[in-house]
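Below is one structure, written out as structure tokens, with a few remarks after it.
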Amino acid sequence: MRIVFIGPPGAGKGTQAERLVKRLDAAHLSTGNMLRQAREQMTPVGRAAEPYLSSGRLVPDPIVLDLVAERLDRPDAAHSVLFDGFPRTLAQAESLDALLAARGLPIDMALELQVADEEVMRRLASRGRADDAPEVVSQRLRTYREETQPLLDYYRGRGVLESVDGCGPIDEVFARIWAAVDRRHSARAKL
Ligand code: AMP
């Protein structure tokens with residue numbers, strides 16, 4: 001199963017993604033994690049990405065797409081993959097379609113984690129990551145609204161969107177996510 005996980009920064013996507021990949025035995029493809037790791041290791045990719053990471057803007061597509069293509073070719077990504085933080089733009093979604101088509105792997109589901117803005121600001125204020133500084137947070141939220149939200153229509157139009165309420169205790173949110181995955185799974189089995 002290929003699942004695209006979409007939600008604003010601070011929606012709790014990372015925590016839920018960790019659980020979901022365990023339950024699904026899927027590869028966790030988080031471009032944010034990959035970029036942060038590259039920055040820590042000071043690789044050429046990390047150095048190129050650094051100004052974008054620290055300002056909350058999107059890292060240019062060629063850098064991100066190279067990382068994704070490489071990751072998709074690792075053996076553990078041959079079957080189930082959870083895309084976390086990618087795609088973030090329509091252009092990236094189209095590139096992902098092409099990458100997956102070349103490998104004969106369709107997207108089965110886009111999973112939206114919905115959290116109100118005020119809740120996002122509250123959660124981010126208590127997290128303390130370097131790019132959680134208030135001005136960077138508002139940039140990341142703006143980028144989410146402008147660039148990433150249009151993806152919801154893109155995937156809705158393809159009939160693969162499932163939206164889940166991301167408010168409440170972690171276990172409850174995960175139960176909703178799992179129910180949505182299950183729904184999608186049954187819908188696909190009927191095709
Ligand atoms: P995340 O951990 O997914 O919130 O990502 C943290 C930061 O990494 C973002 O604010 C961007 O600067 C960068 N980033 C992560 N994923 C992408 C992507 N798909 N395209 C461009 N930039 C990304």
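For this chain, numbers begin at 1 and follow the sequence in order. We count ligands from 1, going down the list as the structure has it; atoms in each ligand are counted the same way. Side chains included, hydrogens not; waters and symmetry mates left out as well; all remaining heavy atoms used.
At least one N/O-N/O distance between Arg88 and ligand 1 falls below 3.5 Å. Where the criterion is an N or O separation shorter than 3.5 Å, residue side chain and backbone included, Gln92 meets it with respect to ligand 1. For Val64, no nitrogen or oxygen atom sits less than 3.5 Å from a nitrogen or oxygen atom of ligand 1, counting backbone and side chain alike. Backbone and side-chain nitrogen or oxygen atoms of Leu35 are examined, and none is located within less than 3.5 angstrom of a nitrogen or oxygen of ligand 1.
Those atoms of ligand 1 that come under 4.0 Å of a heavy atom in Phe86, given as number and element, are 19 (N).
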- Task: Could you please spell out the steps behind the salt bridge (charged side-chain N to carboxylate O under 4.0 Å, His left out) verdict for Arg123 and Glu119?
- Result: CA-CA 6 Å; Arg123 290 189 193 183; Glu119 179 64 15; 2.9 Å; yes
- Query: For Arg47 and Thr43, what are the C-alpha separation, side-chain angles and deciding distance, and is it a side-chain contact (heavy atoms from CB on, under 4.5 Å)?
  - Reply: CA-CA 6 Å; Arg47 268 193 273 262; Thr43 63; over 6 Å; no
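Here the heavy atom of the protein found nearest to atom 12 (O) of ligand 1 is Arg57 O, 2.6 Å. Counting protein heavy atoms only, atom 22 (N) of ligand 1 is closest to Val59 N, 3.0 Å. Atom 6 (C) of ligand 1 has Arg36 NH1, 3.4 Å as its closest protein atom, hydrogens excluded (heavy atom only). The shortest contact between atom 8 (O) of ligand 1 and any protein heavy atom is with Leu53 CD2, 3.0 Å.
There is no side-chain donor-acceptor pair under 3.5 Å between Tyr52 and Asp131. Side-chain contact check for Gln139 and Arg142: at least one donor-acceptor pair (N or O, by modelled atom type) lies under 3.5 Å.
Within the hydrophobic cluster formed by Ile, Leu, Val, Met, Phe, Trp and Tyr side chains joined at under 4.5 Å, directly or through other members, Ile3 is accompanied by Met1, Phe5, Leu20, Val21, Leu24, Leu82, Met109, Leu111, Leu113, Val164, Val173, Phe174, Ile177, Trp178, Val181.
For Glu70, the side chain to side chain donor-acceptor pair (under 3.5 Å) criterion is met by no residue, not counting sequence neighbours.
Following chains of ILVMFWY side-chain contacts shorter than 4.5 Å, one cannot reach Leu58 starting from Met34, and the two form parts of different hydrophobic clusters.
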